[in-house]
Student: 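One structure coming up, written as structure tokens, with questions to follow.
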Amino acid sequence: MLATAGCLPGSVRPTAPPPPTPTPAPTAPPTPTPTPGPPTPTPAPTFALYTVKSGDTLTSIARRFRTDGRSIAYWNRDTYPGLKPESAGYRPDAIKRGWVLRIMPGQAYVPPADDGETGEQATPTPDDSEDYEPLP
């Protein structure tokens, strides 16, 4: 057998194989962006406690706390039945010294539209924060 590679012109001679192509380094997967969760619910209004003193009336207490006497009556109707505005025995001026009243300063009870009652004669529940609104 004859070696012919040495006699061939340069354009026909076999060339060395190309060097291997470098493999790219693996990239880290993207860091996931946290998805914001649901909004934090607004807490229900907090009651302040007030101990009735001699000479107090619902009106005078209401003025002190920027609310109205009827709202104070609603917020305390379960503890003091005489303060239940929709009852026949409603006696807002019969508060007694030593009673501890729950009051939401700067808030007034607003009856829900679908309660079947008119004006301020609805029965509020302290957990229904949407039924209260700040007073000016």
Side-chain angles (χ1 to χ4, degrees):
M1 211 178 313
L2 292 170
T4 57
C7 302
L8 294 173
S11 61
V12 185
R13 288 189 189 144
T15 56
T21 305
T23 305
T27 57
T31 305
T33 304
T35 304
T40 303
T42 303
T46 304
F47 284 104
L49 298 178
Y50 176 77
T51 303
V52 176
K53 295 173 182 60
S54 182
D56 279 343
T57 65
L58 283 184
T59 303
S60 68
I61 296 167
R63 264 191 240 118
R64 188 175 305 148
F65 287 94
R66 301 175 336 275
T67 187
D68 59 75
R70 194 159 184 96
S71 293
I72 294 173
Y74 275 112
W75 296 324
N76 293 279
R77 72 194 182 286
D78 292 333
T79 306
Y80 307 108
L83 294 180
K84 192 171 189 175
E86 62 275 354
S87 76
Y90 179 51
R91 297 182 52 210
D93 292 326
I95 61 173
K96 302 208 183 307
R97 185 171 40 109
W99 281 8
V100 178
L101 300 176
R102 298 177 336 142
I103 302 170
M104 284 191 224
Q107 303 287 316
Y109 174 71
V110 177
D114 63 346
D115 69 357
E117 297 185 34
T118 59
E120 296 179 349
Q121 297 182 1
T123 304
T125 55
D127 296 336
D128 295 336
S129 61
E130 68 275 1
D131 292 340
Y132 301 91
E133 60 184 40
L135 290 174

Student: Supply the atom-to-atom distance Arg91 CZ to Leu58 CG, rounded to the nearest 0.5 angstrom.
Tutor: 12.0 Å
Student: Verify the distance criterion only: is there a donor paired with an acceptor across the side chains of Ser71 and Asp68 at less than 3.5 Å?
Tutor: yes
Student: How far apart are the closest heavy atoms of Pro81 and Ser87, and which atoms are they?
Tutor: O-OG, 4.2 Å
Student: Atom CG of Asn76 and atom CZ of Phe47: how far apart are they, to the nearest 0.5 Å?
Tutor: 7.5 Å
Student: Between Trp99 and Tyr80, how do the two ring planes meet: parallel, tilted or perpendicular, split at 30° and 60°?
Tutor: parallel
Student: Does Pro105 offer a backbone N or O that forms a donor-acceptor pair with the side chain of Thr67 under 3.5 Å?
Tutor: no
Student: What's the shortest heavy-atom distance between Arg102 and Leu49, and which atoms?
Tutor: CG-CD2, 3.6 Å
Student: According to ring pair (Phe, Tyr, Trp, His ring centres under 6.0 Å), does anything in residues 19-39 pair up with another residue at least two apart or in another chain? List the pairs.
Tutor: none
Student: Could you report the tightest heavy-atom contact between Pro92 and Ile95, atom names first, then the distance?
Tutor: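 Nearest pair, atom of Pro92 first, then Ile95: O-CG2, 3.7 Å.
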Student: With Phe65 as reference, evaluate Ile72, Ile103, Leu101 under the side-chain contact (heavy atoms from CB on, under 4.5 Å) test and give the passing residue.
Tutor: Ile103
Student: Can you name the nearest heavy-atom pair linking Thr51 to Asp56, along with the distance?
Tutor: O-OD2, 4.3 Å
Student: Flag yes if Tyr90 and Trp75 sit in one hydrophobic cluster, no otherwise; membership is Ile, Leu, Val, Met, Phe, Trp, Tyr, and two members link when side-chain heavy atoms are under 4.5 Å apart.
Tutor: no
Student: Give the minimum heavy-atom separation between Ser54 and Arg97, together with the two atoms involved.
Tutor: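 Distance-wise, the nearest heavy atoms are N-CD, 3.6 Å.
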Student: Determine the minimum heavy-atom distance between Arg77 and Glu86, stating which atoms define it.
Tutor: CD-OE2, 4.3 Å
